[in-house]
Asker: 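The structure under discussion is supplied below as structure tokens; questions concerning it will follow.
Just so we're on the same page: letters track the sequence lines, and every chain starts at 1.
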There are 2 protein chains.
Amino acid sequence: MEYKLALIGFGNVARSLAKLFLRKEEALKAQGITFSFTGISTGRHGFAVNPAGLDIRKALELVESGQSINSLTTYHSPITNSLDVINHSAADVMFENSPVNTQTGQPALDHIRAALNLGMHAITANKGPVVHGYRELTALAKSKGRQFKFESTVMGGAPIFSVFRQTFPLAELSSIMGIFNATTNIILSRMEEGESYEDAVKYCQSIGVAETDPTNDVDGWDAAIKVAALVTVLMDTPITPQQVNPTGIRGVTSEMIAQAKAEGKRYKLVCAAEKVDGKVTASVAPQLVDASSPLYGMMNSSTGITLRTDVILDYSITLSEKPGMKGGPVETAYGLFADFVTAAQ
Amino acid sequence: MEYKLALIGFGNVARSLAKLFLRKEEALKAQGITFSFTGISTGRHGFAVNPAGLDIRKALELVESGQSINSLTTYHSPITNSLDVINHSAADVMFENSPVNTQTGQPALDHIRAALNLGMHAITANKGPVVHGYRELTALAKSKGRQFKFESTVMGGAPIFSVFRQTFPLAELSSIMGIFNATTNIILSRMEEGESYEDAVKYCQSIGVAETDPTNDVDGWDAAIKVAALVTVLMDTPITPQQVNPTGIRGVTSEMIAQAKAEGKRYKLVCAAEKVDGKVTASVAPQLVDASSPLYGMMNSSTGITLRTDVILDYSITLSEKPGMKGGPVETAYGLFADFVTAAQ
């Protein structure tokens, strides 16, 4: 079957996704899947719609050289925003990668509603709509015979949601614990090596993992929205990042870290959630861990999660730092790609 | 749908499986699945066949008090071996848990062939038929519209095969590395604490993880057959434990371990396989690892695997030791149960 694809958001991750589709073209064909891109919405480089399939290599080239993609549009009426792209792309699948809005989940929520209502699968790396619309969007998708998928929202593309949902049938999840935010883990790792907090933040900004304003990471909000997404989906209990009420790492001083190191311990920004008698408690806060903890060995950009169920105790998934390899966008793109292949099967 | 189940082998794991079915009866019903046990073959407590459903609680009680289950048979002709049970149980699913035969895969191979030919799903925790019959049995299952599944053969019930096969679509596996044998890991961990090799082996025998003759574990054969199973299935390249040609831990002395410890290192029985240009190399051997290795922190009965693919680098799954909890048979039983639920869906 031929799939027409719309890309809402065309930043690093979405462009990596487009390249991954090109790289996996033959493997997809072997599964009976062909594809074309029929709509692209970018933040600063315009919009393109061509229901017959647009030149994706050209779109990549234009955006990566700072030019607009408007010229690729063949559609008869003007395309001026993401909803225009969704409405006129005639796509079968929409990939939503607009910037995260922790508070409201918008505009991603509206994009996904529109796509599902038009009978598209909706696949996102955006945590906002998961936290703010999981039940509504899942029900909407079901009513349309389509899927709402979001593997890339946590641990950047590494299978987590699908592992629990597909390979732990009828298991009951009693707790999760992990490190979900790479930026703070890099900062804490570098502070242990003697770097100051300020310099560690600057380092993270220099390699592109932290924003100019690092609040979202260092105050624990990125971790909190990931906890909220996991609890909402895997524990079937909707909670918000505000309810997780995170404590960030600003209170962890170099002195505290040096003292911990002397005692064979480390501070980690620990994400945790537990379900007891149907009631969920969730938290994000710096905690001291020792070598007996699975979190102790996760340094720098490594992230990981431990799942405890009624049938398999303490099953951990770790995505290790790859020294010298900046896997980020490619791995996140793979999460979106895997969601697509699963939805297409 | 009602599923009739046959249990070939009724040791710790199979009895845990029967209890897990009873515990999950309501959850299965919610999925539209009911079940009855129609055949049981034991090593030393006889055979039972009742195509209308036998009293599984009674069977558990009889075997656990050392009595024969022959009296539960209602079948009109004598039932004297496992193939009789398979042939006359009218089962939809056969669980194969006979003892492992590393060299030939028998008699499990014949049991699985018989079950598939009768139109049953075949689910096993036995590594023998995976290594000695994966392609044949998979093709046979496919020709009958049934499934041959074996999640519990590696890392005792924790999802590994299903994780790669279901949640990494179109990914290419380039290498695996891990610790697959708990007994040797316990021995090496205890030797690091100063215990002698002989006492550590005795300890493993006392808690039931090592056999009277520990050869299969300490000489690396258990690890090697697991490597062979993973390579055969996940790298689609049949190899035997003999080709893995393992080196065990007998050559690792207390002095070597103490010296490594002084240097911040540890010996681990490292299992590895790599696929380069379509050619697989696989090994099992003691190796020195330092704190930067994901294997360093896996102590005692912890086991784990690291998967490296073309899309997600170094994705690790760890099953942690649970101090004070003897999870073994229950977890292995869950792997069989999960295979059943997946096959039934």
Asker: Determine yes or no for a side-chain-to-main-chain donor-acceptor pair under 3.5 angstrom, with A:Tyr334 supplying the side chain and B:Phe168 the backbone.
Answerer: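 The answer is yes, because a donor-acceptor pair under 3.5 Å joins these two groups.
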Asker: Is the number of heavy atoms from other residues, nucleotides or ligands under 6.0 Å of B:Lys265 NZ greater than 12?
Answerer: no
Asker: If you apply the rule side chain to side chain contact (heavy atoms under 4.5 Å, CB included), what do you find for A:Asp310 with B:Lys24, and how did you get there?
Answerer: CA-CA 11 Å; A:Asp310 65 326; B:Lys24 292 285 186 184; 2.6 Å; yes
Asker: Determine whether B:Leu170 and A:Phe337 make a side-chain contact, defined as any pair of heavy atoms from C-beta on separated by less than 4.5 Å.
Answerer: yes
Asker: Which region of B:Leu20, side chain (C-beta onward) or backbone (N, CA, C, O), has a non-hydrogen atom less than 4.5 Å from a non-hydrogen atom of chain A, or is it both or neither?
Answerer: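 The side chain, not the backbone.
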Asker: Could you give the distance from OG1 (A:Thr167) to CD1 (B:Ile317), rounded to the nearest 0.5 Å?
Answerer: 7.5 Å
Asker: Where does B:Ala171 contact chain A at under 4.5 Å (heavy atoms): side chain, backbone, both or neither?
Answerer: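 Backbone plus side chain of B:Ala171, per the 4.5 Å heavy-atom cut-off to chain A.
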Asker: Which bit of B:Glu151 comes within less than 4.5 Å of chain A, counting heavy atoms only: side chain, backbone, both or neither?
Answerer: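 Neither part; nothing is under 4.5 Å.
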Asker: Before you tell me yes or no, could you show the steps for A:Arg23 and B:Val311 under side chain to side chain contact (heavy atoms under 4.5 Å, CB included), namely the whole-Å CA-CA distance, both residues' side-chain angles and the distance that decides it to 0.1 Å?
Answerer: CA-CA 11 Å; A:Arg23 175 150 79 85; B:Val311 281; 4.0 Å; yes
Asker: So do B:Pro169 and A:Thr342 actually touch side chain to side chain, heavy atoms under 4.5 Å?
Answerer: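 Answer yes - side chains close enough.
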Asker: Assess whether side chain to side chain contact (heavy atoms under 4.5 Å, CB included) is satisfied between A:Asp314 and B:Leu319, documenting all intermediate values.
Answerer: CA-CA 6 Å; A:Asp314 294 11; B:Leu319 192 60; over 6 Å; no
Asker: Below 4.5 Å, heavy atoms only, C-beta onward: do B:Thr318 and A:Tyr315 meet side chain to side chain?
Answerer: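 No, their side chains stay 4.5 Å or more apart.
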Asker: Heavy-atom distances under 4.5 Å only: say whether B:Ala291 touches chain A with side chain, backbone, both or neither.
Answerer: neither
Asker: How about B:Val163 and A:Gln166: do any of their side-chain heavy atoms sit closer than 4.5 Å?
Answerer: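 The answer is no; the side chains never approach within 4.5 Å.
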